[in-house]
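Input: a single structure, listed below in C-alpha coordinates.
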Number of protein chains: 2
Amino acid sequence: MSARIRPTEPRPYHHGDLRRTLIEIALQVVTEEQDWTFSLREVARRAGVSHRAPYNHFADKLDLLAAVAAVGFERLRDGLLRAMSGIDESEAILVAICTTYVRLGLGNPALYRLMFGPALSATGTEDRPPLVRSAGAEARGVLEDVILRGARAGVFDVSPDDPRGLALAALAVWSGTHGLTMLVIDRISRPDLTVDEMIERLLRMVLGGVRRARPEAAMRGKAKAGK
Amino acid sequence: MSARIRPTEPRPYHHGDLRRTLIEIALQVVTEEQDWTFSLREVARRAGVSHRAPYNHFADKLDLLAAVAAVGFERLRDGLLRAMSGIDESEAILVAICTTYVRLGLGNPALYRLMFGPALSATGTEDRPPLVRSAGAEARGVLEDVILRGARAGVFDVSPDDPRGLALAALAVWSGTHGLTMLVIDRISRPDLTVDEMIERLLRMVLGGVRRARPEAAMRGKAKAGK
DNA sequence: ACCTGAACACCGTTCAAGT
DNA sequence: ACCTGAACACCGTTCAAGT
(Lines give C-alpha, C1' and ligand atoms only; values in the text may rest on other atoms or scores of the structure.)
Protein backbone atom coordinates (compact mmCIF):
# COMPACT_ATOMS: atom_id res chain seq x y z
CA MET A 1 0.00 0.00 0.00
CA SER A 2 2.36 2.76 1.19
CA ALA A 3 6.10 2.72 0.58
CA ARG A 4 7.74 0.71 3.28
CA ILE A 5 10.76 2.73 4.19
CA ARG A 6 11.75 0.86 7.29
CA PRO A 7 13.20 -2.51 6.55
CA THR A 8 12.50 -5.34 8.97
CA GLU A 9 9.21 -3.92 10.17
CA PRO A 10 8.98 -4.19 13.95
CA ARG A 11 6.10 -6.64 13.72
CA PRO A 12 4.19 -6.68 16.97
CA TYR A 13 4.10 -9.78 19.09
CA HIS A 14 1.73 -12.17 17.43
CA HIS A 15 -0.49 -10.35 15.03
CA GLY A 16 -0.14 -7.80 12.35
CA ASP A 17 -3.46 -6.30 13.24
CA LEU A 18 -5.07 -7.79 16.27
CA ARG A 19 -7.81 -5.20 16.36
CA ARG A 20 -9.08 -6.12 12.95
CA THR A 21 -8.61 -9.79 13.67
CA LEU A 22 -10.76 -9.56 16.77
CA ILE A 23 -13.53 -7.79 14.90
CA GLU A 24 -13.48 -10.40 12.17
CA ILE A 25 -13.53 -13.26 14.62
CA ALA A 26 -16.38 -11.71 16.56
CA LEU A 27 -18.27 -11.25 13.30
CA GLN A 28 -17.60 -14.86 12.49
CA VAL A 29 -18.82 -16.08 15.87
CA VAL A 30 -21.98 -14.00 15.58
CA THR A 31 -22.66 -15.26 12.08
CA GLU A 32 -21.83 -18.92 12.63
CA GLU A 33 -23.22 -19.34 16.11
CA GLN A 34 -26.09 -16.95 15.46
CA ASP A 35 -25.57 -15.59 18.93
CA TRP A 36 -24.45 -12.07 19.57
CA THR A 37 -23.80 -12.74 23.25
CA PHE A 38 -20.31 -13.99 22.62
CA SER A 39 -17.72 -13.69 25.33
CA LEU A 40 -14.67 -11.54 25.02
CA ARG A 41 -12.59 -14.40 26.34
CA GLU A 42 -13.77 -16.73 23.63
CA VAL A 43 -12.91 -14.25 20.92
CA ALA A 44 -9.45 -13.88 22.44
CA ARG A 45 -9.14 -17.65 22.62
CA ARG A 46 -9.99 -18.06 18.95
CA ALA A 47 -7.49 -15.36 18.09
CA GLY A 48 -4.81 -17.23 20.00
CA VAL A 49 -4.10 -14.44 22.44
CA SER A 50 -4.57 -14.05 26.15
CA HIS A 51 -7.93 -12.86 27.43
CA ARG A 52 -6.29 -9.63 28.42
CA ALA A 53 -4.99 -8.78 24.94
CA PRO A 54 -8.26 -7.33 23.56
CA TYR A 55 -8.07 -4.57 26.14
CA ASN A 56 -5.13 -3.15 24.29
CA HIS A 57 -7.43 -2.41 21.37
CA PHE A 58 -10.87 -1.98 22.88
CA ALA A 59 -11.83 -0.09 25.99
CA ASP A 60 -14.28 -2.82 26.97
CA LYS A 61 -16.57 -5.43 25.52
CA LEU A 62 -19.12 -2.85 24.48
CA ASP A 63 -16.45 -1.17 22.42
CA LEU A 64 -15.85 -4.36 20.44
CA LEU A 65 -19.60 -4.85 20.10
CA ALA A 66 -19.83 -1.35 18.65
CA ALA A 67 -17.07 -2.06 16.15
CA VAL A 68 -18.88 -5.19 14.98
CA ALA A 69 -22.16 -3.30 14.72
CA ALA A 70 -20.43 -0.64 12.65
CA VAL A 71 -19.29 -3.27 10.17
CA GLY A 72 -22.86 -4.49 9.99
CA PHE A 73 -24.10 -1.01 9.15
CA GLU A 74 -21.44 -0.61 6.50
CA ARG A 75 -22.53 -3.84 4.90
CA LEU A 76 -26.13 -2.70 5.07
CA ARG A 77 -25.33 0.58 3.40
CA ASP A 78 -23.31 -1.13 0.67
CA GLY A 79 -26.07 -3.65 0.11
CA LEU A 80 -28.68 -0.95 -0.25
CA LEU A 81 -26.54 1.05 -2.64
CA ARG A 82 -25.92 -2.02 -4.75
CA ALA A 83 -29.62 -2.89 -4.77
CA MET A 84 -30.68 0.49 -6.06
CA SER A 85 -27.97 0.91 -8.67
CA GLY A 86 -29.41 0.95 -12.14
CA ILE A 87 -32.96 1.70 -11.08
CA ASP A 88 -34.37 5.05 -12.07
CA GLU A 89 -37.89 5.28 -10.78
CA SER A 90 -38.09 6.49 -7.18
CA GLU A 91 -40.75 4.14 -5.96
CA ALA A 92 -39.05 1.17 -7.58
CA ILE A 93 -35.86 2.17 -5.79
CA LEU A 94 -37.73 2.39 -2.52
CA VAL A 95 -39.16 -1.07 -2.98
CA ALA A 96 -35.76 -2.41 -3.95
CA ILE A 97 -33.90 -1.05 -0.96
CA CYS A 98 -36.61 -2.00 1.51
CA THR A 99 -36.70 -5.52 0.14
CA THR A 100 -32.95 -5.75 0.31
CA TYR A 101 -33.01 -4.33 3.82
CA VAL A 102 -35.33 -7.04 5.10
CA ARG A 103 -33.44 -9.75 3.24
CA LEU A 104 -30.14 -8.66 4.70
CA GLY A 105 -31.65 -8.58 8.17
CA LEU A 106 -33.14 -12.03 7.84
CA GLY A 107 -29.90 -13.27 6.31
CA ASN A 108 -27.98 -12.67 9.51
CA PRO A 109 -30.45 -12.17 12.35
CA ALA A 110 -27.87 -12.22 15.12
CA LEU A 111 -25.85 -9.47 13.48
CA TYR A 112 -28.97 -7.43 12.86
CA ARG A 113 -29.92 -7.84 16.48
CA LEU A 114 -26.47 -6.78 17.55
CA MET A 115 -26.72 -3.66 15.41
CA PHE A 116 -30.03 -2.61 16.85
CA GLY A 117 -30.01 -2.60 20.53
CA PRO A 118 -27.68 -4.31 22.87
CA ALA A 119 -24.82 -1.94 22.24
CA LEU A 120 -26.72 0.43 24.44
CA SER A 121 -29.63 -1.59 25.73
CA ALA A 122 -27.89 -3.01 28.79
CA THR A 123 -27.48 0.13 30.77
CA GLY A 124 -29.45 3.30 30.29
CA THR A 125 -26.65 4.76 28.27
CA GLU A 126 -27.30 8.23 27.06
CA ASP A 127 -26.40 7.59 23.48
CA ARG A 128 -25.10 4.98 21.14
CA PRO A 129 -21.36 4.76 20.60
CA PRO A 130 -20.21 7.34 18.03
CA LEU A 131 -18.91 4.61 15.74
CA VAL A 132 -22.33 3.03 15.59
CA ARG A 133 -24.11 6.32 15.27
CA SER A 134 -22.16 7.45 12.23
CA ALA A 135 -22.30 4.09 10.50
CA GLY A 136 -26.02 3.86 11.14
CA ALA A 137 -26.53 7.41 9.91
CA GLU A 138 -24.86 6.53 6.63
CA ALA A 139 -27.20 3.61 6.09
CA ARG A 140 -30.17 5.77 6.97
CA GLY A 141 -28.86 8.40 4.60
CA VAL A 142 -29.39 6.06 1.67
CA LEU A 143 -33.06 5.84 2.49
CA GLU A 144 -33.42 9.56 3.07
CA ASP A 145 -31.80 10.35 -0.24
CA VAL A 146 -34.30 8.17 -2.03
CA ILE A 147 -37.17 9.89 -0.28
CA LEU A 148 -35.75 13.28 -1.18
CA ARG A 149 -35.27 12.26 -4.79
CA GLY A 150 -38.83 10.96 -4.97
CA ALA A 151 -40.12 14.14 -3.39
CA ARG A 152 -38.30 16.22 -6.00
CA ALA A 153 -39.75 14.07 -8.76
CA GLY A 154 -43.20 14.55 -7.26
CA VAL A 155 -43.66 10.85 -6.69
CA PHE A 156 -44.06 11.07 -2.95
CA ASP A 157 -46.56 13.25 -1.20
CA VAL A 158 -44.04 15.42 0.59
CA SER A 159 -42.34 18.67 -0.30
CA PRO A 160 -38.59 18.56 -0.99
CA ASP A 161 -38.35 21.85 0.90
CA ASP A 162 -39.84 20.45 4.10
CA PRO A 163 -36.99 18.79 5.99
CA ARG A 164 -39.26 17.75 8.81
CA GLY A 165 -41.74 16.18 6.42
CA LEU A 166 -38.94 14.38 4.62
CA ALA A 167 -37.54 13.07 7.89
CA LEU A 168 -40.97 11.86 8.93
CA ALA A 169 -41.56 10.11 5.64
CA ALA A 170 -38.20 8.39 5.96
CA LEU A 171 -38.98 7.46 9.54
CA ALA A 172 -42.32 6.01 8.49
CA VAL A 173 -40.77 3.82 5.83
CA TRP A 174 -37.90 2.83 8.06
CA SER A 175 -40.21 1.97 10.93
CA GLY A 176 -42.22 -0.39 8.78
CA THR A 177 -39.16 -2.04 7.31
CA HIS A 178 -37.32 -2.30 10.60
CA GLY A 179 -40.40 -3.50 12.44
CA LEU A 180 -41.12 -6.18 9.90
CA THR A 181 -37.55 -7.40 10.02
CA MET A 182 -37.62 -7.53 13.80
CA LEU A 183 -40.96 -9.29 14.05
CA VAL A 184 -39.90 -11.97 11.61
CA ILE A 185 -36.48 -12.40 13.19
CA ASP A 186 -38.10 -12.80 16.58
CA ARG A 187 -40.40 -15.46 15.12
CA ILE A 188 -43.26 -13.43 16.50
CA SER A 189 -44.95 -13.34 13.17
CA ARG A 190 -44.61 -16.08 10.63
CA PRO A 191 -47.24 -15.86 7.94
CA ASP A 192 -47.63 -18.78 5.61
CA LEU A 193 -46.04 -16.92 2.75
CA THR A 194 -42.58 -17.13 1.36
CA VAL A 195 -40.40 -14.35 2.63
CA ASP A 196 -40.32 -12.74 -0.78
CA GLU A 197 -44.06 -12.71 -1.23
CA MET A 198 -44.50 -11.30 2.23
CA ILE A 199 -41.97 -8.56 1.67
CA GLU A 200 -43.47 -7.69 -1.67
CA ARG A 201 -47.04 -7.42 -0.45
CA LEU A 202 -46.21 -5.75 2.82
CA LEU A 203 -44.03 -3.15 1.25
CA ARG A 204 -46.76 -2.31 -1.20
CA MET A 205 -49.08 -1.78 1.74
CA VAL A 206 -46.75 0.19 3.91
CA LEU A 207 -45.42 2.27 1.07
CA GLY A 208 -48.98 3.07 0.11
CA GLY A 209 -49.04 5.45 3.03
CA VAL A 210 -46.27 7.50 1.58
CA ARG A 211 -47.14 7.16 -2.03
CA ARG A 212 -49.29 9.95 -3.33
CA ALA A 213 -52.82 8.68 -3.33
CA ARG A 214 -54.65 11.12 -5.56
CA PRO A 215 -52.16 13.13 -7.56
CA GLU A 216 -54.66 15.77 -8.58
CA ALA A 217 -55.70 16.46 -5.00
CA ALA A 218 -52.16 16.72 -3.74
CA MET A 219 -51.09 19.48 -6.08
CA ARG A 220 -51.51 22.14 -3.49
CA GLY A 221 -52.68 22.37 0.10
CA LYS A 222 -52.24 19.35 2.26
CA ALA A 223 -55.77 18.32 3.19
CA LYS A 224 -55.68 18.39 6.95
CA ALA A 225 -57.62 15.56 8.47
CA GLY A 226 -60.56 17.41 9.91
CA LYS A 227 -61.10 17.46 13.65
CA MET B 1 -59.49 -23.87 43.80
CA SER B 2 -59.97 -27.19 45.63
CA ALA B 3 -61.41 -27.47 49.13
CA ARG B 4 -58.68 -27.13 51.71
CA ILE B 5 -59.17 -30.16 53.87
CA ARG B 6 -55.97 -29.89 55.83
CA PRO B 7 -56.07 -27.31 58.59
CA THR B 8 -52.94 -25.42 59.57
CA GLU B 9 -51.59 -25.03 56.08
CA PRO B 10 -47.96 -26.12 55.91
CA ARG B 11 -46.71 -22.62 54.94
CA PRO B 12 -43.47 -22.94 53.03
CA TYR B 13 -40.26 -21.69 54.52
CA HIS B 14 -40.10 -17.96 53.99
CA HIS B 15 -42.60 -16.88 51.44
CA GLY B 16 -46.20 -17.45 50.70
CA ASP B 17 -45.53 -17.26 47.02
CA LEU B 18 -41.90 -16.99 46.10
CA ARG B 19 -42.58 -17.50 42.44
CA ARG B 20 -44.80 -14.46 42.22
CA THR B 21 -42.44 -12.50 44.44
CA LEU B 22 -39.52 -13.21 42.15
CA ILE B 23 -41.45 -12.10 39.09
CA GLU B 24 -42.49 -8.88 40.80
CA ILE B 25 -38.98 -8.12 41.95
CA ALA B 26 -37.57 -8.80 38.51
CA LEU B 27 -40.20 -6.51 37.04
CA GLN B 28 -39.23 -3.89 39.57
CA VAL B 29 -35.54 -4.18 38.78
CA VAL B 30 -36.20 -3.91 35.06
CA THR B 31 -38.42 -0.89 35.54
CA GLU B 32 -36.31 0.96 38.09
CA GLU B 33 -32.89 0.17 36.72
CA GLN B 34 -34.08 0.23 33.12
CA ASP B 35 -31.91 -2.76 32.49
CA TRP B 36 -33.30 -6.12 31.54
CA THR B 37 -29.97 -7.87 32.01
CA PHE B 38 -30.55 -8.40 35.71
CA SER B 39 -28.89 -11.30 37.44
CA LEU B 40 -30.80 -14.16 38.93
CA ARG B 41 -28.67 -13.89 42.03
CA GLU B 42 -29.58 -10.26 42.54
CA VAL B 43 -33.27 -11.02 42.30
CA ALA B 44 -32.83 -13.78 44.86
CA ARG B 45 -30.87 -11.40 47.06
CA ARG B 46 -33.63 -8.80 46.96
CA ALA B 47 -36.16 -11.47 47.79
CA GLY B 48 -34.10 -12.49 50.80
CA VAL B 49 -33.56 -16.05 49.68
CA SER B 50 -30.50 -18.01 48.65
CA HIS B 51 -29.38 -17.83 45.06
CA ARG B 52 -30.46 -21.41 44.66
CA ALA B 53 -34.08 -20.84 45.71
CA PRO B 54 -35.36 -19.52 42.36
CA TYR B 55 -34.57 -22.86 40.77
CA ASN B 56 -37.41 -24.36 42.75
CA HIS B 57 -39.80 -22.21 40.75
CA PHE B 58 -38.09 -21.60 37.44
CA ALA B 59 -36.18 -24.04 35.29
CA ASP B 60 -33.54 -21.45 34.51
CA LYS B 61 -33.04 -17.74 34.10
CA LEU B 62 -34.73 -17.74 30.72
CA ASP B 63 -37.82 -19.16 32.36
CA LEU B 64 -38.02 -16.19 34.72
CA LEU B 65 -37.35 -13.83 31.84
CA ALA B 66 -40.28 -15.42 30.00
CA ALA B 67 -42.58 -14.98 32.98
CA VAL B 68 -41.66 -11.29 33.20
CA ALA B 69 -42.19 -10.86 29.47
CA ALA B 70 -45.60 -12.49 29.78
CA VAL B 71 -46.62 -9.94 32.39
CA GLY B 72 -45.48 -7.23 30.02
CA PHE B 73 -47.68 -8.60 27.25
CA GLU B 74 -50.64 -8.81 29.58
CA ARG B 75 -50.19 -5.18 30.51
CA LEU B 76 -49.91 -4.28 26.85
CA ARG B 77 -53.11 -6.13 26.00
CA ASP B 78 -54.97 -4.50 28.90
CA GLY B 79 -53.67 -1.09 27.94
CA LEU B 80 -54.81 -1.50 24.35
CA LEU B 81 -58.24 -2.72 25.39
CA ARG B 82 -58.64 0.20 27.74
CA ALA B 83 -57.51 2.66 25.05
CA MET B 84 -60.09 1.47 22.55
CA SER B 85 -63.01 1.21 24.92
CA GLY B 86 -65.71 3.66 24.05
CA ILE B 87 -64.51 4.35 20.53
CA ASP B 88 -66.72 3.20 17.69
CA GLU B 89 -65.06 4.13 14.45
CA SER B 90 -62.56 1.53 13.27
CA GLU B 91 -59.85 3.83 12.09
CA ALA B 92 -60.11 5.91 15.25
CA ILE B 93 -59.67 2.73 17.24
CA LEU B 94 -56.64 1.79 15.19
CA VAL B 95 -55.05 5.17 15.81
CA ALA B 96 -55.88 4.92 19.50
CA ILE B 97 -54.37 1.51 20.04
CA CYS B 98 -51.28 2.24 17.96
CA THR B 99 -50.69 5.45 19.87
CA THR B 100 -51.15 3.68 23.16
CA TYR B 101 -48.87 0.89 21.98
CA VAL B 102 -46.01 3.27 21.28
CA ARG B 103 -46.59 5.20 24.49
CA LEU B 104 -46.54 2.05 26.57
CA GLY B 105 -43.33 0.93 24.87
CA LEU B 106 -41.63 4.26 25.43
CA GLY B 107 -42.93 4.31 28.99
CA ASN B 108 -40.88 1.28 29.95
CA PRO B 109 -38.24 0.67 27.28
CA ALA B 110 -36.37 -1.99 29.21
CA LEU B 111 -39.50 -4.07 29.67
CA TYR B 112 -40.43 -3.62 26.03
CA ARG B 113 -36.98 -4.74 25.04
CA LEU B 114 -37.25 -7.74 27.29
CA MET B 115 -40.56 -8.70 25.70
CA PHE B 116 -39.23 -8.56 22.18
CA GLY B 117 -36.09 -10.47 21.82
CA PRO B 118 -33.74 -11.65 24.45
CA ALA B 119 -36.01 -14.40 25.69
CA LEU B 120 -34.93 -16.23 22.62
CA SER B 121 -32.30 -14.04 21.05
CA ALA B 122 -29.33 -15.48 22.89
CA THR B 123 -29.27 -18.90 21.38
CA GLY B 124 -30.89 -19.88 18.14
CA THR B 125 -33.85 -21.26 20.00
CA GLU B 126 -36.46 -22.72 17.74
CA ASP B 127 -39.36 -20.90 19.26
CA ARG B 128 -40.30 -18.50 21.97
CA PRO B 129 -41.36 -19.90 25.32
CA PRO B 130 -45.06 -20.96 25.26
CA LEU B 131 -45.89 -18.50 28.02
CA VAL B 132 -44.57 -15.61 25.97
CA ARG B 133 -46.14 -16.88 22.79
CA SER B 134 -49.65 -17.05 24.19
CA ALA B 135 -49.42 -13.74 26.02
CA GLY B 136 -48.04 -12.09 22.90
CA ALA B 137 -50.74 -13.67 20.76
CA GLU B 138 -53.41 -12.17 22.99
CA ALA B 139 -51.98 -8.70 22.58
CA ARG B 140 -51.73 -9.21 18.84
CA GLY B 141 -55.30 -10.45 18.83
CA VAL B 142 -56.52 -7.05 19.93
CA LEU B 143 -55.00 -5.50 16.82
CA GLU B 144 -56.27 -8.23 14.54
CA ASP B 145 -59.80 -7.87 15.87
CA VAL B 146 -59.76 -4.19 15.06
CA ILE B 147 -58.57 -4.88 11.54
CA LEU B 148 -61.28 -7.49 11.10
CA ARG B 149 -63.93 -5.14 12.42
CA GLY B 150 -62.77 -2.39 10.10
CA ALA B 151 -62.75 -4.80 7.18
CA ARG B 152 -66.34 -5.80 7.94
CA ALA B 153 -67.33 -2.15 8.11
CA GLY B 154 -65.66 -1.57 4.78
CA VAL B 155 -63.25 0.96 6.23
CA PHE B 156 -60.09 -0.94 5.35
CA ASP B 157 -59.20 -2.15 1.93
CA VAL B 158 -59.23 -5.83 2.77
CA SER B 159 -61.90 -8.49 2.60
CA PRO B 160 -63.16 -9.88 5.93
CA ASP B 161 -63.22 -13.29 4.25
CA ASP B 162 -59.55 -13.24 3.35
CA PRO B 163 -57.64 -14.45 6.42
CA ARG B 164 -54.31 -14.05 4.71
CA GLY B 165 -55.09 -10.52 3.68
CA LEU B 166 -56.26 -9.69 7.19
CA ALA B 167 -53.12 -11.14 8.70
CA LEU B 168 -50.98 -9.16 6.30
CA ALA B 169 -52.81 -5.95 7.06
CA ALA B 170 -52.33 -6.56 10.76
CA LEU B 171 -48.68 -7.37 10.20
CA ALA B 172 -48.22 -4.16 8.22
CA VAL B 173 -49.71 -2.03 10.96
CA TRP B 174 -47.88 -3.89 13.67
CA SER B 175 -44.57 -3.64 11.84
CA GLY B 176 -44.86 0.10 11.60
CA THR B 177 -45.87 0.53 15.20
CA HIS B 178 -43.30 -1.90 16.53
CA GLY B 179 -40.54 -0.51 14.34
CA LEU B 180 -41.26 3.06 15.39
CA THR B 181 -41.23 2.07 19.04
CA MET B 182 -37.95 0.25 18.64
CA LEU B 183 -36.22 3.00 16.69
CA VAL B 184 -37.19 5.61 19.24
CA ILE B 185 -36.29 3.38 22.18
CA ASP B 186 -32.91 2.73 20.64
CA ARG B 187 -32.40 6.47 20.24
CA ILE B 188 -31.68 5.77 16.61
CA SER B 189 -34.22 8.26 15.49
CA ARG B 190 -35.09 11.33 17.48
CA PRO B 191 -36.95 13.84 15.42
CA ASP B 192 -37.42 17.31 16.85
CA LEU B 193 -41.07 16.70 17.52
CA THR B 194 -42.82 15.86 20.71
CA VAL B 195 -43.52 12.18 20.99
CA ASP B 196 -47.23 12.78 20.60
CA GLU B 197 -46.92 14.83 17.46
CA MET B 198 -44.60 12.27 15.97
CA ILE B 199 -46.89 9.40 16.77
CA GLU B 200 -49.88 11.26 15.41
CA ARG B 201 -48.31 12.18 12.11
CA LEU B 202 -46.50 8.92 11.59
CA LEU B 203 -49.54 6.83 12.27
CA ARG B 204 -51.51 8.86 9.79
CA MET B 205 -48.83 8.11 7.22
CA VAL B 206 -48.43 4.44 7.97
CA LEU B 207 -52.12 3.82 8.33
CA GLY B 208 -52.65 5.53 5.01
CA GLY B 209 -51.30 2.43 3.38
CA VAL B 210 -54.03 0.31 4.84
CA ARG B 211 -56.82 2.79 4.62
CA ARG B 212 -58.86 2.51 1.49
CA ALA B 213 -57.59 5.11 -0.91
CA ARG B 214 -60.28 5.29 -3.53
CA PRO B 215 -63.44 3.64 -2.22
CA GLU B 216 -65.10 3.40 -5.61
CA ALA B 217 -62.15 1.58 -7.16
CA ALA B 218 -61.87 -0.92 -4.36
CA MET B 219 -65.39 -2.25 -4.62
CA ARG B 220 -64.39 -5.33 -6.50
CA GLY B 221 -61.28 -6.81 -8.06
CA LYS B 222 -58.01 -6.13 -6.37
CA ALA B 223 -55.95 -4.26 -8.93
CA LYS B 224 -52.88 -6.43 -9.20
CA ALA B 225 -49.75 -4.40 -9.58
CA GLY B 226 -48.89 -5.19 -13.16
CA LYS B 227 -45.64 -6.94 -13.96
C1' DA C 1 3.66 -0.43 22.44
C1' DC C 2 1.79 -4.72 23.10
C1' DC C 3 1.45 -8.79 25.46
C1' DT C 4 1.05 -12.45 29.57
C1' DG C 5 -0.67 -14.43 33.84
C1' DA C 6 -2.57 -14.00 38.31
C1' DA C 7 -6.25 -12.04 40.74
C1' DC C 8 -10.98 -10.06 41.96
C1' DA C 9 -15.68 -9.90 42.06
C1' DC C 10 -19.09 -11.49 39.90
C1' DC C 11 -22.25 -14.94 37.06
C1' DG C 12 -25.69 -19.37 36.00
C1' DT C 13 -26.22 -23.86 37.34
C1' DT C 14 -25.73 -28.22 39.96
C1' DC C 15 -24.83 -31.39 44.04
C1' DA C 16 -25.48 -32.93 48.50
C1' DA C 17 -27.84 -31.97 52.33
C1' DG C 18 -31.00 -30.15 55.57
C1' DT C 19 -36.21 -29.40 57.61
C1' DA D 1 -41.99 -29.62 49.05
C1' DC D 2 -38.93 -26.06 49.57
C1' DC D 3 -34.85 -24.26 51.12
C1' DT D 4 -29.49 -23.65 52.22
C1' DG D 5 -24.57 -23.64 51.27
C1' DA D 6 -20.63 -25.32 48.95
C1' DA D 7 -18.83 -26.12 44.55
C1' DC D 8 -17.88 -25.78 39.38
C1' DA D 9 -16.98 -23.61 35.28
C1' DC D 10 -17.38 -19.70 33.44
C1' DC D 11 -17.48 -14.27 32.91
C1' DG D 12 -15.55 -8.92 32.39
C1' DT D 13 -12.09 -6.22 34.11
C1' DT D 14 -7.80 -4.77 36.51
C1' DC D 15 -2.92 -5.13 38.44
C1' DA D 16 1.76 -6.05 38.16
C1' DA D 17 4.96 -7.53 35.25
C1' DG D 18 7.40 -8.93 31.24
C1' DT D 19 9.74 -7.89 26.22
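Lettering of chains follows the sequences in order, A, B, ..., and the numbering in each one begins at 1. Just so you know, these numbers use all the heavy atoms, side chains as well, and skip hydrogens, waters and symmetry mates.
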Using a cut-off of under 3.5 Å, enumerate the N/O to N/O pairs linking the protein to nucleotides 14-17 of chain C.
{"from": "dC15(C)", "atom 1": "N4", "to": "Arg52(B)", "atom 2": "NH1", "distance (Å)": "3.1"}

Next item on the list: Please name the residue in the list Leu143(A), Val173(A), Thr181(A) that meets the side-chain contact (heavy atoms from CB on, under 4.5 Å) test with Tyr101(A).
Entry: Thr181(A)

Note to self: Please determine whether a side-chain nitrogen or oxygen atom of Ser50(B) lies at a distance below 4.0 Å from atom OP1 or OP2 of dG5(D).
What the structure shows: no

Margin query: If I take atom CG in residue Asp17(A) and atom C1' in nucleotide dC3(C), what distance separates them, rounded to the nearest angstrom?
Written below: 15 Å

Check: Separation of Asp35(A) atom CG from dC11(D) atom P, in whole Å?
Finding: 12 Å

Next item on the list: Please assess Phe73(B) against Arg133(B) for the test side chain to side chain contact (heavy atoms under 4.5 Å, CB included), listing each intermediate value before the final yes or no.
Entry: CA-CA 10 Å; Phe73(B) 278 112; Arg133(B) 281 193 59 172; over 6 Å; no

Next item on the list: Measure the distance from CG on Leu62(B) to P on dC11(C) and round it to the nearest whole Å.
Entry: 18 Å

Next item on the list: Round to the nearest Å and state the distance from Arg45(B) atom CZ to dC10(C) atom P.
Entry: 8 Å

Next item on the list: Can you tell me the distance, in whole Å, between the NZ atom of Lys61(B) and the P atom of dC11(D)?
Entry: 15 Å

Next item on the list: Rounded off to whole Å, could you give me the CG-to-P distance for the Leu65(B) and dG12(C) pair?
Entry: 10 Å

Next item on the list: Quickly work out the Asn56(A) CG to dA1(C) P distance and round it to whole Å.
Entry: 11 Å

Check: What are the two closest non-hydrogen atoms of Ala110(A) and Gln34(A), and how far apart are they?
Finding: N-OE1, 3.0 Å

Checklist line | Worked verdict on Met182(A) versus Phe116(B) for side chain to side chain contact (heavy atoms under 4.5 Å, CB included) | finding: CA-CA 9 Å; Met182(A) 284 298 222; Phe116(B) 291 93; over 6 Å; no

Item checked: Along DNA chain C (nearest heavy atom to each residue), the more 5'-positioned of Leu40(B) and Ala53(A) -> Ala53(A)

Notebook entry, point to check: Knowing that exactly one of Leu27(B), Val29(B), Val132(B) qualifies, which makes a side-chain contact (heavy atoms from CB on, under 4.5 Å) with Val68(B)?
Noted result: Leu27(B)

Margin query: Determine whether Glu144(B) and Trp174(B) satisfy the following criterion, side chain to side chain contact (heavy atoms under 4.5 Å, CB included), listing intermediate values before the conclusion.
Written below: CA-CA 9 Å; Glu144(B) 286 172 345; Trp174(B) 197 13; over 6 Å; no

Checklist line | Heavy-atom closest pair, residues Leu180(A) and Ser175(B) | finding: CA-OG, 3.3 Å

Note to self: Can you measure Arg41(B) atom CZ to dG12(D) atom P for me and round it to whole angstrom units?
What the structure shows: 16 Å

Next item on the list: Determine the stems involving DNA chain C; a stem requires 3 or more consecutive pairs of the Watson-Crick or G-U wobble kind, each with both distances below 3.5 Å, and the answer is none if no such run exists.
Entry: C:4-8 with D:12-16, C:12-16 with D:4-8

Margin query: Whether the side chain of Ser85(B) engages the backbone of Arg82(B) through a donor-acceptor N/O pair (distance < 3.5 Å, no angle test) should be reported.
Written below: yes

Notebook entry, point to check: On a whole-Å scale, what distance lies between the C1' atoms belonging to dA17(C) and dC2(D)?
Noted result: 13 Å

Notebook entry, point to check: Between Leu64(A) and Leu40(A), is any pair of side-chain heavy atoms under 4.5 Å apart?
Noted result: yes

